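Since we're looking at a predicted model, the values are computed, not measured. Counting convention: from 1, in listed order, for ligands and their atoms alike.
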Amino acid sequence: MRQSKLFTKTQKEAPADEVAKNAQLLIRAGYIHKEMAGVYQLLPLGLMVVQKIKQIVREEMKEIGTNELIATNLQRKELWERTHRWNDEVVDIWFKTELKAGGEIGLAWSHEEPIADMMKGHIASHKDLPVAVYQFQVKLRNEVRAKSGMMRGREFIMKDAYSFTATEEQHNEFYEASKVAYMKVFERLGVGSDTYITFAAGGAFTEFSHEFQTVCEAGEDVTYISKEKGVAINEEVLDKTDLQALGVTRDELVATKTAEVGNIFNFGRQKAEEVGLYFTNETGERIPVWMGSYGIGITRMMGVLVEKFADEKGIVWPESVAPYQVHLVALNSEDQEVRDWADGIYASLKDKGVTVLYDDRDARAGEKFADSDLIGLPYRIVVSKKGREAGTFEVVTRATGEVRNLTEEELYADFDANPDT
Ligand code: ATP
Ligand code: MG
């Protein structure tokens, strides 16, 4: 895309009331717009990052055989009353509103109840099980503190999945498969080695749930981690965890600031029983379905990636989620010959399937470089009059700052050799 056609502008300063580094940088670089605390519009570049994160999650969810759908944001009070979760004292982050036609409704903070209820029309017998569904959907939560930018929104995007199984064994099989799928997602997002499957508070049916906690200074959680043994425990459950059974001692665990990027949960048969989701088993008995739920914070993830990888100059995206692979920065645009050359390279890169943001604006070199660093695409290719004379471009790797001077052939060979870049 030609940057001259991108309506978003970079900004020197973030809004004074924005205290989170991730939101400050994303706002300054033009990825998001702050509507109010914890509420951000996704602008074109921001939307592209979100779509890329979603696509990675989608591919891994498909891999474990789940079906995608979209549930609604307007929800029935009566349904949540059945599971005792309409009450504001039980769920303290509800947004609720009223229909003009009369009657109270809820705005989706979760979709566990509506999706379980919907499934009543599709699950009758053990032959219909196991089944799992997922969606990418907006969640609305009346969070008291929304000071972490994209990491704690009042309106945010979550991937939520739900498994429906006949037996505990079937449930465990899907639960374990989802752990593998989740870790693949986090690896692809560049945070695999910093993300831990963490013991966390369970519910009526299970002692523990599992959170996926990514080491992050700006995270709101504290996780006790043994990097060596790969054991991680949320501080909330540290006292009740049998450390001996996990093969660690208290001394080996290091209190670490982390962000919860995902969460998987076993409901047993309780949720289905409350909602009335039953099936007929092999012996003809009608029993509630065994359920699990599986979340990933899509927009929180975006914030975490910014927090983890940004440097003093701006954002540094992992290649897997960057909106474009290359920032083609054309200098000396007053020179027709240089401009034509840059246009040609832009066309050739696109032909090769490389995604390019082409800074064709009439601006000073210093301004273009500062914007490019702020926006944080993996590679910057600089086209200039000086380079034109030497027959080379300057190629800068954003993450490392490495600078290479390549000819056009070397440049294309480089991209051919790394089809993923
Ligand atoms: P937290 O403990 O951080 O409040 P949660 O336990 O309420 O989160 P879930 O309901 O399990 O979260 O949601 C699944 C995932 O959605 C979380 O693991 C997190 O990544 C993300 N998430 C939860 N709340 C928010 C929020 N307010 N803003 C952005 N992402 C969120
Ligand atoms: Mg949590």
Quiz item: Any N/O of Gly153 closer than 3.5 Å to an N/O of ligand 1?
Solution: yes
Closest to atom 25 (C) of ligand 1 (heavy atoms only, candidates Phe156, Phe212, Tyr294) is Phe156
| task | Say whether Met151 and ligand 1 are in contact under the criterion: heavy-atom distance to a ligand atom below 4.0 Å. | result | yes
message = Quick check against the 3.5 Å criterion: does Thr299 have a side-chain atom that pairs as donor or acceptor with the backbone of Ile157?
response = yes
Just by modelled atom types, is the Ile375 backbone N or O under 3.5 Å from a matching donor or acceptor in the Tyr31 side chain? yes
| message | When you compare the side chains of Thr223 and Thr256, does any donor N or O come within less than 3.5 Å of an acceptor on the partner? | response | no
Judged by heavy atoms only, the candidate from Ala200, Gly219, Gly303, Gly297 nearest atom 15 (C) of ligand 1 is Gly297
Ligand 1 to Asn263, heavy atom cutoff 4.0 Å, flagged ligand atoms 6 (O), 11 (O), 18 (O)
contact_flag Val261 ligand 1 heavy-atom lt 4.0 Å: yes
Restricting to heavy atoms, the pick from Glu260, Met150, Glu220 nearest atom 12 (O) of ligand 1 would be Glu260
In ligand 1, the atoms that come under 4.0 Å of a heavy atom of Met158 are 13 (O), 14 (C), 16 (O)
A student comparing Arg141, Lys139, Arg300, Met301 should find that the heavy atom closest to atom 10 (O) of ligand 1 comes from Arg141
Looking at Lys179 and Glu176, is any side-chain nitrogen of the basic one under 4.0 Å from a carboxylate oxygen of the acidic one? yes
Mind checking whether Trp290 and Phe174 have ring centres under 6.0 Å apart? no
Does either side chain, that of Tyr294 or that of Ser163, offer a donor lying less than 3.5 Å from an acceptor on the other one?
yes
Regarding Arg2 and Asp343, does a basic nitrogen lie under 4.0 Å from an acidic carboxylate oxygen? yes
Quick note on ligand 1: atoms under 4.0 Å from a heavy atom of Arg152 include exactly 1 (P), 3 (O), 4 (O), 26 (C), 27 (N), 28 (N)
